[in-house]
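In the text below, chain A, chain B and the rest are named by the order of the sequence lines, each starting its count at 1.
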Amino acid sequence: MAQKPSIPKGMRDFDPQTMVKRNYIFDTIKSVFKRFGYLPIETPAMENLTTLLGKYGEEGDKLLFKVLNSGDFLAGVDTSTDNLFAQKMATKISEKGLRYDLTVPFARFVVQYRNDIVFPFKRYQMQPVWRADRPQKGRYREFYQCDVDVVGSDSLLNEAELVQIVDDVFKQLKINVIVKINNRKILSGIAEYIGATERLTDITVAIDKLDKIGIEAVNNELIEKGLSVESIDLLQPVLFMTGNSREKIEKLKLLIGQTETGLKGIDEITILFNYLDFFNLNLGFELDLTLARGLNYYTGAIFEVKSKDASMGSICGGGRYDDLTGIFGMPGVSGVGISFGADRIFDVMTELSLFPTGTSETTLALFVNFGKFEELYCLPFVQQLRDDGLNTEIYPDHEKMKKQIKYADQKKIPYVIIAGENEIEHNQFTIKRMSTGEQFTVKNTEIVHILKELAAN
RNA sequence: GUGGUUGUAGCUCAGUUGGUUAGAGCAUCAGAUUGUGGUUCUGAGGGUCGCGGGUUCGAAUCCCGUCUUCCACCCCA
């Protein structure tokens with residue numbers, strides 16, 4: 001057991017059965033992305049640490065996987081004791097890191113290839129990301145994000161389109177979801193209204209917990225953070241706000257309508273809701289003022305998608321970022337995007353048993369191998385079937401038929417093709433239907449045609 | 001990063017107050033059946049009890065450390 005191989009904490013292997021299901025999710029998401037006119041890109045697993053650091057807040061920096069420099073990573077580094085602080089050392093012995101999400105690498109990509117890109121640029125990207133978080137339910141250290149983003153367009157139609165994409169994807173995957181929508185400008189407006197503009201982060205983080213810890217605890221936390229009693233008093237009507245999304249928007253207008261950013265946020269969200277009401281959507285959507293999202297770079301709309309039926313955090317999230325490319329020296333380009341968490345979607349679908357049973361990824365027919373001579377008789381037909389798009393295999397070894405049929409059974413291959421002395425003599429094949437056990441003999445020239453018909457049913 | 005939890009065969013788990021050679025079911029492989037699977041019967045292989053150290057005449061069992069698992073916090077997909 002000591003020598004038993006293993007993989008790093010929080011990372012996983014996937015067996016074929018799991019991969020078939022995972023691919024079902026990826027294929028579904030990808031097909032929707034394509035249908036809305038998005039194009040694929042990929043970026044490397046590693047980015048320069050300078051690209052990554054400082055983009056996800058203090059917490060994010062801690063969760064970055066840093067990669068040790070190649071060769072003698074201590075060469076030329078001052079290792080005297082007063083320099084031996086992890087943070088100080090990190091940037092000296094490591095200049096690369098595994099990507100933490102797909103949005104920041106994408107922003108880097110846009111800046112780097114700005115002259116080759118046609119704006120508005122609509123791209124999708126489905127790749128793994130890595131976070132050095134403690135693993136727990138729905139949280140892995142390596143997981144796939146499926147991102148769609150539009151950069152170079154301020155239009156709120158983009159936000160609306162992202163919700164349509166979410167609707168489309170989860171309609172196909174048969175997951176009942178609700179989209180929670182908020183706007184960073186509204187949150188800013190609230191902060192300004194209560195006279196604590198510069199405390200926006202503290203306020204949003206505290207508000208975010210409202211559902212979880214209750215209003216009293218939120219207020220206590222705000223006091224601890226040093227917010228004045230007057231500010232907290234002013235905040236109460238916001239926290240206690242009731243009614244549907246439209247009613248909340250009206251109430252908000254009275255409270256924060258005087259602040260410039262607040263009003264802008266209200267306008268934006270009103271326009272977005274107008275679009276969404278106009279669409280014929282399956283999913284539910286609502287204004288959720290407690291939705292803050294930790295990522296530092298969001299400036300406008302914020303989205304979060306949750307399954308209505310599963311006990312899982314958000315399975316999808318995103319928002320509008322006005323200046324992400326500015327960090328890389330290309331100001332004035334606004335982007336908006338959303339990210340599907342494939343692994344969490346997988347967990348939700350597993351919990352709710354939503355995976356379809358029949359998949360087209362298995363083999364349709366297996367040729368039994370009776371030996372070298374019989375093999376040669378079969379091989380041309382194996383190739384013909386494959387040329388005609390039918391998933392076909394021939395058992396590679398001359399084993400007992402029992403074993404070969406058992407192989408087909410376990411792999412859930414529906415048809416087994418048998419050709420021994422008798423069949424070969426008469427230019428025939430015996431087809432065995434595994435589900436019923438029945439067998440019938442056909443002319444070898446008809447095997448492709450017949451299997452095609454069987455496959456269609 | 002903080003707190004808790006878990007680890008015995010490929011999988012799911014037994015294993016008495018520390019006491020000989022650590023068990024079961026399922027799975028695997030072989031045979032019953034040298035051209036027929038999912039049922040049955042027979043047999044076989046498979047474990048330094050996560051790893052390292054300690055206590056003890058003796059440790060899967062007790063203690064410490066470490067890794068891993070799962071959970072909560074933090075944060076998030």
Between [N] and [M], how many Å separate the two [atom1] atoms, rounded to a whole number?
N	M	atom1	value
B:rC11	B:rU69	P	14 Å
B:rU8	B:rC74	P	32 Å
B:rU20	B:rG58	C1'	11 Å
B:rG3	B:rG50	C1'	22 Å
B:rA27	B:rA9	C1'	11 Å
B:rG25	B:rG15	C1'	15 Å
B:rC63	B:rC29	C1'	42 Å
B:rU28	B:rC67	P	37 Å

What I want to find out is whether [X] reaches [Y] closely enough, with some N-O distance under 4.0 Å, to be called a salt bridge.
X	Y	answer
A:E304	A:K180	no
A:K55	A:D101	no
A:R320	A:E159	yes
A:K185	A:E268	yes
A:D147	A:R123	yes
A:K411	A:E393	yes

**OP:** Mark up nucleotides 33-45 of chain B, 5' to 3', with B wherever a protein heavy atom is under 4.0 angstrom from a base atom, S wherever such an atom reaches only the sugar-phosphate, and - elsewhere.
**Re:** --BBBB-------

Original post:
What does nucleotides 65-72 of chain B look like as a protein-contact string, B for base, S for sugar-phosphate only, - for none, at under 4.0 angstrom between heavy atoms?
Top reply: ---SS-SB

Original post:
Do A:R131 and B:rC76 have a side chain to base donor-acceptor pair shorter than 3.5 Å?
Top reply: no

Subject >> A:F273: partners by ring pair (Phe, Tyr, Trp, His ring centres under 6.0 Å), with sequence neighbours left out >> reply: A:F285

**OP:** Quick one: list whatever passes ring pair (Phe, Tyr, Trp, His ring centres under 6.0 Å) with A:F279, sequence neighbours left out.
**Re:** none

Sidechain-backbone polar pair: [X] side chain, [Y] backbone, donor-acceptor under 3.5 Å:
X	Y	result
A:T445	A:K443	no
A:S94	A:L68	no
A:D167	A:N282	yes

Using atom [atom1] of [X] as one end and atom [atom2] of [N] as the other, report the distance to the nearest whole Å.
X	N	atom1	atom2	value
A:D61	B:rC74	CG	C1'	15 Å
A:Q404	B:rC29	CD	P	14 Å
A:Y100	B:rC76	OH	C1'	6 Å
A:R22	B:rA77	CZ	C1'	12 Å
A:D15	B:rG10	CG	P	17 Å
A:L102	B:rA77	CG	P	11 Å
A:K62	B:rC73	NZ	C1'	13 Å
A:L63	B:rU2	CG	P	14 Å

What side-chain donor-acceptor pairs closer than 3.5 Å can you find for residues 364-381 of chain A, not counting sequence neighbours?
residue	atom	partner	partner atom	Å
A:N369	OD1	A:G371	N	2.8
A:N369	ND2	A:E375	OE2	2.9
A:N369	ND2	A:Y395	O	2.9
A:K372	NZ	A:E375	OE2	3.4
A:Y377	OH	A:Q428	N	3.1
A:Y377	OH	A:Q428	O	2.8
A:Y377	OH	A:N444	ND2	3.2

Subject >> Ranges pairing with ranges for RNA chain B, where each run has three or more Watson-Crick or G-U pairs under 3.5 Å >> reply: B:1-4 with B:70-73, B:10-13 with B:23-26, B:28-32 with B:40-44, B:50-54 with B:62-66

Original post:
With nearest nucleotides of RNA chain B determined for A:E399 and A:E221 from heavy-atom distances, which residue corresponds to the more 5′ nucleotide?
Top reply: A:E399

Original post:
Mind checking whether A:Y56 and A:Y297 have parallel, tilted or perpendicular rings, split at 30° and 60°?
Top reply: perpendicular

**OP:** Pick base, sugar-phosphate or nothing for A:C316, based on heavy-atom distances below 4.0 Å to the nucleic acid.
**Re:** sugar-phosphate

